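For reference, the structure discussed in these notes is given below.
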Protein chains: 2
Amino acid sequence: MAPRLPTALLMQIAARSAEDRIVEALRAAGFDDVTLAQGRLMAGIDVEGTRIGVLAARAQVSKQTATALLAKLERAGYAERIPDLDDGRATLIRPTARTLEAIEHARRQEAEIEADWSAHLGPRRMKQLREALEMLREITDPYFTPME
Amino acid sequence: MAPRLPTALLMQIAARSAEDRIVEALRAAGFDDVTLAQGRLMAGIDVEGTRIGVLAARAQVSKQTATALLAKLERAGYAERIPDLDDGRATLIRPTARTLEAIEHARRQEAEIEADWSAHLGPRRMKQLREALEMLREITDPYFTPME
DNA sequence: TAAAAATAGTCCTGCAGTCGTACTAATTCA
DNA sequence: TGAATTAGTACGACTGCAGGACTATTTTTA
């Protein structure tokens, strides 16, 4: 008899599969010098620039970790540091052309994954899935803000 | 306007929240000498014993990694090695009383999480969520077997 | 059935990720 | 203005992780 897997584990399985596909697609497109952890941080960089602390929070890692990862990203040409004029303590991280290109590739792969999932589930169930996950976010996302 | 987060990311957020809660609950119950990676491996140990390679596959890590993690688990009293009589090359990993106790605590916390989620979503949406996730597993779980 | 190929696990080594502690510089508060 | 807070960094220690090479066993095959 099939053991009923915890809902959270089912999510983890699907999420991991998606992450693997994105990493694979990036690798195939020539972005093979970015690791998974670096990519997660990179995904949080806004076009206008983002503070290190914010990136750390988004990726759910400490600022120390973010600093270390960003140093590597910067060396690989995936991030630029510029001083924050509003606050002398802060540093803004800005994406480079290469960063934006990588993010674009990732988004395309993401869309493909969603399409595959939707094809497998059917649009109705896919819609229900998203609806449930978005609601769940209200109680599981430590950085959830309704207006965001 | 709210940026539509990828479905996979929504899953990751919820799954991580669940994992954090389980780790926290175990820690509170005195199982504070097991790390997350070790716990993931431990979760795969069957009562009758499980081969190292199988545990590695379940946790999606290499055999080398599994060996190292199991050495720590064994030292902490969470696993026992016994030779596999059917195959002289293989080693079976068996849970100890402490392992089973820890797994029991984890299961209880899991049930609590499911209950919280269900309360937030309502039973109908929760059912739909599980249904979609179970279907999705068919195309996202590299170790999925229908009869399991 | 002896030799070759495959398999299970381990050891070694090196590197990425992670964070606690402690620090500097800048800002905000009282 | 002095004290407390905040942003980020440097250092050091540890975990997780896997590739390559190795041993012991089993399975295949010629």
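Letters A, B, ... mirror the listed sequences (proteins, then strands); counts begin at 1. Values in this document were obtained by computation on a predicted structure and should not be read as measured data.
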Decide if atom [atom1] of [X] counts as having more than 12 heavy atoms of other residues, nucleotides or ligands within a radius under 6.0 Å.
X       : atom1 : result
R98(B)  : CZ    : yes
R21(A)  : CZ    : yes
R107(A) : CZ    : no
R124(A) : CZ    : no

Side chain proximity check, [X] to [Y], heavy atoms < 4.5 angstrom:
X       : Y       : value
L92(A)  : E48(A)  : no
R130(B) : L133(B) : no
L5(A)   : I13(A)  : yes
R94(A)  : I45(A)  : no

T7(B) vs E114(A), side-chain hydrogen bond (donor to acceptor under 3.5 Å, both in side chains): CA-CA, chis, key distance, verdict: CA-CA 7 Å; T7(B) 309; E114(A) 304 261 345; 2.7 Å; yes
With L70(A), the side chain to side chain contact (heavy atoms under 4.5 Å, CB included) member among T91(A), L55(A), T65(A): L55(A)
Sugar-phosphate only, base, or nothing, as touched by D84(A) at under 4.0 Å among non-hydrogen atoms: nothing
DNA chain D-proximal residues of residues 18-52 of chain B, any heavy atom under 4.0 Å: T35(B), A37(B), Q38(B)
Selection: residues 53-72 of chain B, any non-hydrogen atom under 4.0 Å of DNA chain D: V61(B), S62(B), Q64(B), T65(B), L69(B), K72(B)
Degree of bending, the helix from dT1(C)-dA30(D) to dA30(C)-dT1(D) (end axes from five pairs; round to 10°): 30°
Under 4.0 angstrom between R81(A) side-chain N/O and dA7(D) OP1 or OP2: no
Base dT7(C) paired with R89(B) side chain (donor-acceptor, <3.5 Å): yes
Residue met sooner reading DNA chain C from 5', once L92(B) and L85(A) are mapped to nucleotides: L92(B)
